[in-house]
Amino acid sequence: MKSKAIAHQFEFWEYLGEAGNFFRRDGGYSTISAEDFTWPSRIFDLSSPNVGLLKQTIQLKGMPHSIAVEDGDTIGKELESIGFQIRSVVAGMTLLLKTSMSFSISKSIHRVSNQEQIKIFANIASEAFGYTIYPSSLFGLLGANRVQLFMGRYKEDYVSCGILFLDSNKDSGLHMIGLKKDFRGLGLGKAMTSHLLHHAIKNKSEQVHLLASKLGSPIYSKLGFQNRGYLKSYII
């Protein structure tokens, strides 16, 4: 059984793919295929697929090359046995919200509300994470009632980004919290995280989920997030 943090992430990817019309479910797995197979393109939520056939299809360039599998899932071993390699491992983390908790909002952080702002958001995220994010992958989220995109301003420019997603269990998730490289160390990432958590409380969520890298996990642990499992990304 998936951890709630990782199940939340899978639901976010599905919601994102459906909003952008690049999601499909067949062959025992889900696929999101954005423009040029850039972010968030991947295969996930595998349930007894034919991994040999899946490998052949990927090698024919008909599908994304990245496969997300929860740590401990036997499918991960099957993938490794036919030549897939682990590209990254991130922690699925959960914060249990309490009535005594409060988080500050920032007047410098604004909600994204149009396509021009989506383009700015995508530019910030691309620089922050080091890979291409096309605005077209995010356009479908405009006006979506379960997703909020935010950008943070520093002086005259927008330099930070973040997404809040409300899943079908009414849990909230923090996604794509990032900063332009020249603006790190100024507390802007912390401000974005606090802003998103404030809105998670407004969602009346009892739990908040996120994925964290090895470097990010200690930061979120200090906020009360607990590790609830790992998500591995495989490539061929």
Between Ile133 and Ala125 the two heavy atoms that sit nearest each other are CD1-CB, 3.5 Å
Leu166 versus Ser172, closest heavy-atom pair with distance
CD1-OG, 3.8 Å
Is the shortest side-chain heavy-atom distance between Phe103 and Leu97 below 4.5 Å?
yes
Counting distance only, does the side-chain N/O of Asn169 pair as donor-acceptor with the main-chain N or O of Asp171 below 3.5 Å?
no
Can you confirm whether more than 12 heavy atoms, excluding those of Phe23, are under 6.0 Å from its CZ atom?
yes
Would you confirm whether Asn114, through its side chain, and Glu116, through its main-chain N or O, come within 3.5 Å as a donor-acceptor pair?
yes
Would you call the rings of Tyr15 and Phe165 parallel, tilted or perpendicular, taking 30° and 60° as the class edges?
tilted
Flag if over 12 foreign heavy atoms under 6.0 Å of OH, Tyr230
no
How long is the straight-line distance from CD of Gln148 back to NE2 of His199, given to the nearest 0.5 Å?
6.0 Å
Is there a side-chain contact between His209 and Gln9 (heavy atoms, below 4.5 Å)?
no
Within a strict 4.5 Å, meaning less than it, do heavy atoms of the Leu197 and Val208 side chains meet?
yes
Side-chain donor-acceptor pair present, Gln226, Arg228, cut-off under 3.5 Å:
yes
Separation between OG of Ser104 and NZ of Lys190, rounded to the nearest 0.5 Å:
8.5 Å
Same apolar cluster (I L V M F W Y, side chains within < 4.5 Å links), Leu223/Met101:
yes
Indicate yes or no: at least one non-hydrogen side-chain atom of Val69 is less than 4.5 angstrom from one of Leu79.
yes
Test Leu164 against Asn203 for side chain to side chain contact (heavy atoms under 4.5 Å, CB included), laying out the working first.
CA-CA 10 Å; Leu164 186 72; Asn203 280 344; 3.5 Å; yes
Distance (rounded to the nearest 0.5 Å) between Leu54 CG and Ile43 CD1
4.5 Å
Say whether Ile105 and Leu95 are linked into one hydrophobic cluster, either directly or through other cluster members, by side-chain heavy-atom distances under 4.5 angstrom.
no
Would you please indicate if the ring centroids of Tyr234 and Phe84 are separated by under 6.0 Å?
no
Correct closest heavy-atom pair for Ala19 and Leu141 would be CB-CD2, 3.9 Å
Could you check whether any side-chain N or O of Ser205 sits under 3.5 Å from a backbone N or O of Lys170, counting only pairs where one atom can act as donor and the other as acceptor?
yes
Linked, directly or transitively: Leu179 and Leu174 (ILVMFWY side chains, under 4.5 Å)
no
Would you find more than 12 non-hydrogen atoms of other residues, nucleotides or ligands less than 6.0 Å from Leu96 atom CG?
yes
Would you say that more than 12 heavy atoms from the other residues, nucleotides or ligands in this model lie under 6.0 Å from the CG of Asn21, or not?
no
Would you say Glu11's side chain and Ser168's backbone share a donor-acceptor pair under 3.5 angstrom?
yes
Grab the two heavy atoms, one from Ser66 and one from Arg87, that are nearest each other, plus how far apart they are.
OG-NH2, 3.4 Å
Check the pair Ile109, Met192 against side chain to side chain contact (heavy atoms under 4.5 Å, CB included), reporting the backbone distance first and the verdict last.
CA-CA 7 Å; Ile109 296 175; Met192 178 62 73; 4.0 Å; yes
Taking side chain as C-beta onward, heavy atoms only, is Trp39 less than 4.5 Å from Leu138?
yes
Could you pull out the closest heavy-atom pair between Met176 and Phe121, with the gap in Å?
CE-CE2, 4.3 Å
Are the side chains of Pro40 and Phe22 in contact, using a 4.5 Å heavy-atom criterion?
yes
So how far is it from Glu14 CD to Glu18 CD, rounded to the nearest 0.5 Å?
4.5 Å
Which is it for Ile58 and Lys55 under the side chain to side chain contact (heavy atoms under 4.5 Å, CB included) test, yes or no, and what are the steps along the way?
CA-CA 5 Å; Ile58 290 172; Lys55 177 182 178 180; 5.8 Å; no
Is Met93 linked to Ile6 within one hydrophobic cluster, defined over Ile, Leu, Val, Met, Phe, Trp and Tyr using a side-chain heavy-atom separation of less than 4.5 Å?
no
Chi angles and distances behind the side chain to side chain contact (heavy atoms under 4.5 Å, CB included) call for Leu46, Ile67:
CA-CA 9 Å; Leu46 285 75; Ile67 301 179; 3.7 Å; yes
Find out if a path of hydrophobic residues (ILVMFWY) with successive side-chain heavy-atom gaps under 4.5 Å connects Ile82 to Met63.
yes
Over 60° means perpendicular and under 30° means parallel, so tell me whether His8 and His175 are parallel, tilted or perpendicular.
parallel
OH of Tyr29 to CD1 of Ile75: how many Å apart, nearest 0.5 Å?
11.5 Å
Answer yes if the side chains of Ser30 and Arg25 hold a donor-acceptor pair under 3.5 Å, and no otherwise.
yes
On the 0 to 90° scale, with breaks at 30° and 60°, tag the Trp13-Phe10 ring pair as parallel, tilted or perpendicular.
parallel
Around atom CD of Glu80, are there more than 12 heavy atoms from other residues, nucleotides or ligands closer than 6.0 Å?
yes
At their closest point, which heavy atom of His65 faces which heavy atom of Ile236, and how far apart are they?
ND1-O, 3.7 Å
If you define the side chain from C-beta out and look only at heavy atoms, does anything of Lys180 sit under 4.5 Å from Tyr154?
no
For a 4.5 angstrom cut-off between non-hydrogen side-chain atoms, does Tyr220 reach Thr193?
yes
Aromatic ring pairing Phe129/Tyr131, orientation class (parallel under 30°, perpendicular over 60°, tilted between):
parallel
Side-chain donor or acceptor of Ser41 paired with backbone N/O of Thr38 under 3.5 Å
yes
Using 0.5 Å steps for rounding, measure from the CG atom of Asn227 to the OG atom of Ser3.
8.5 Å
Closer than 4.0 angstrom, basic N to acidic O: yes or no for Lys232 and Asp73?
no
